[in-house]
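Here's the structure we're looking at; comments come further down.
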Number of protein chains: 2
Amino acid sequence: MISGTHFQPSSMSDPKELRSQGLKVTVPRLKVLDLFKHSPDRHLTAEDVYRKLLDEHSDVGLATVYRVLTQFEQAGLLQRTHFEGGKAVYELNEGTHHDHIVCQQCGRVEEFYDAEIEKRQLKVAKERGFTIREHQLHIYADCIKPKCPHRPKD
Amino acid sequence: MISGTHFQPSSMSDPKELRSQGLKVTVPRLKVLDLFKHSPDRHLTAEDVYRKLLDEHSDVGLATVYRVLTQFEQAGLLQRTHFEGGKAVYELNEGTHHDHIVCQQCGRVEEFYDAEIEKRQLKVAKERGFTIREHQLHIYADCIKPKCPHRPKD
DNA sequence: ATAGATGCAAAGGCTTTGCACGAAG
DNA sequence: CTTCGTGCAAAGCCTTTGCATCTAT
């Protein structure tokens, strides 16, 4: 067999990660996973992914991007969130829970973790007889530092 | 002038609330505001509002419901949130900030406020040079109490 | 009288789906 | 060779908008 499609550039993600999740190893899947692993932006929308793939002349359909993102989320490779604005945002699932603070100036996202906040959430839920399944804290804010990387060049 | 439309049932909200916001006093607006003030559910989607108005034979178009909800939010009468599920949810704006815990069994929403959580959010934002504009904590959970009102009858 | 509100239907934005073709195991 | 993935176009869902008509002030 003369492998054409089995060629794997150094930048490509490890096929094992896909196989171990019962997913066939395909070019679109490798490219998408790769994007999340190497892109400077941790948080990407389906549109972002689609555009980045177009930029590198990978001919992947938008529908496929949506399907792959969904599958990756179900496989636990990615995590999905919704910020204000309606679009779903995906990020690599690295196992560690964190919350988000979103700059309203430029849309960039910073992550943070505060043990006390987590603790109190558990307390609140417990007091009310709930078992937490998932929780998301989104802070929408403006950066006030003049040299803040979030502030668009002025 | 023989006023037909100026009739105001006792259940209707106070027109002043609308006027003070520069909004003309109309039947759809009074009915919507009234719904939020007297409905057993604090949290309603546009569709919810539309259906409830249909139920009471108020002929209000869905587009109008959307417009009124948007205006009320801008006027500070209502607050909008998005829970998982894509639909926007509105509630009366009573000035006090609170977070939400959503039962995954039945979709009901409970509100809570925890001073410590609020404090830590301010701290986190400040440390990173942000001014908080808005923040939302959504906990998605399951109720574990057998007699919990959230649990659908079993 | 006049600015503003409403209803309807059409359009928009994001996401999902049906189907025929193509690739992976 | 069989199962699954892909691309395209069409459809879905929630929400917004254009336009002619109607209403509050």
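Just so you know, these numbers come straight off a predicted model, no measurement behind them. Below, chain A is the first sequence line, B the second, and so on; all start at residue 1.
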Report, one pair per line, the protein and nucleotides 16-22 of chain C atoms (nitrogen or oxygen only) whose separation is under 3.5 Å.
residue, atom, partner, partner atom, Å
C:dG18, O6, A:R67, NH1, 3.2

What pairs of residues pass the side-chain hydrogen bond (donor to acceptor under 3.5 Å, both in side chains) test when at least one of them lies in residues 67-85 of chain B, not counting sequence neighbours?
-> B:R29-B:Q71
Residues two or more places apart in sequence or in another chain: which of them pass side-chain hydrogen bond (donor to acceptor under 3.5 Å, both in side chains) with A:R133?
-> B:D142
Per-helix bend value, the helix from C:dA1-D:dT25 to C:dG25-D:dC1, C1' rotation axes over five pairs per end, 10° rounding, shows 30°
Please list, chain by chain and in numerical order, all residues satisfying side-chain contact (heavy atoms from CB on, under 4.5 Å) with A:L54, sequence neighbours excluded.
-> A:Y50
Proximity to DNA chain D (any heavy atom under 4.0 Å), residues of residues 43-59 of chain A only | A:D59
Can you tell me which residue pairs pass the salt bridge (charged side-chain N to carboxylate O under 4.0 Å, His left out) test with a partner in residues 41-51 of chain A, sequence neighbours excluded?
-> A:D41-A:K52, A:R42-A:E91, A:R42-A:E94, A:R42-A:E111, A:E47-A:R51
Got a sec, which residues hit side-chain hydrogen bond (donor to acceptor under 3.5 Å, both in side chains) with B:N93, two or more places apart in sequence or on another chain?
-> none
For B:F83, enumerate each residue passing the ring-ring contact (aromatic ring centres under 6.0 Å, His included) test, keeping only those at least two apart in sequence or located in another chain.
-> B:H100, B:H138
Apply salt bridge (charged side-chain N to carboxylate O under 4.0 Å, His left out) to B:K123 and list each qualifying residue two or more places apart in sequence or on a separate chain.
-> B:E127
side-chain hydrogen bond (donor to acceptor under 3.5 Å, both in side chains) against B:K37, all qualifying residues, sequence neighbours excluded = B:E17
Which pairs would a plain distance check flag for residues 57-64 of chain A, meaning a side-chain donor or acceptor within less than 3.5 Å of a matching protein atom at least two apart in sequence or in another chain?
residue, atom, partner, partner atom, Å
A:S58, OG, A:K31, NZ, 3.3
A:S58, OG, A:E56, OE2, 3.2

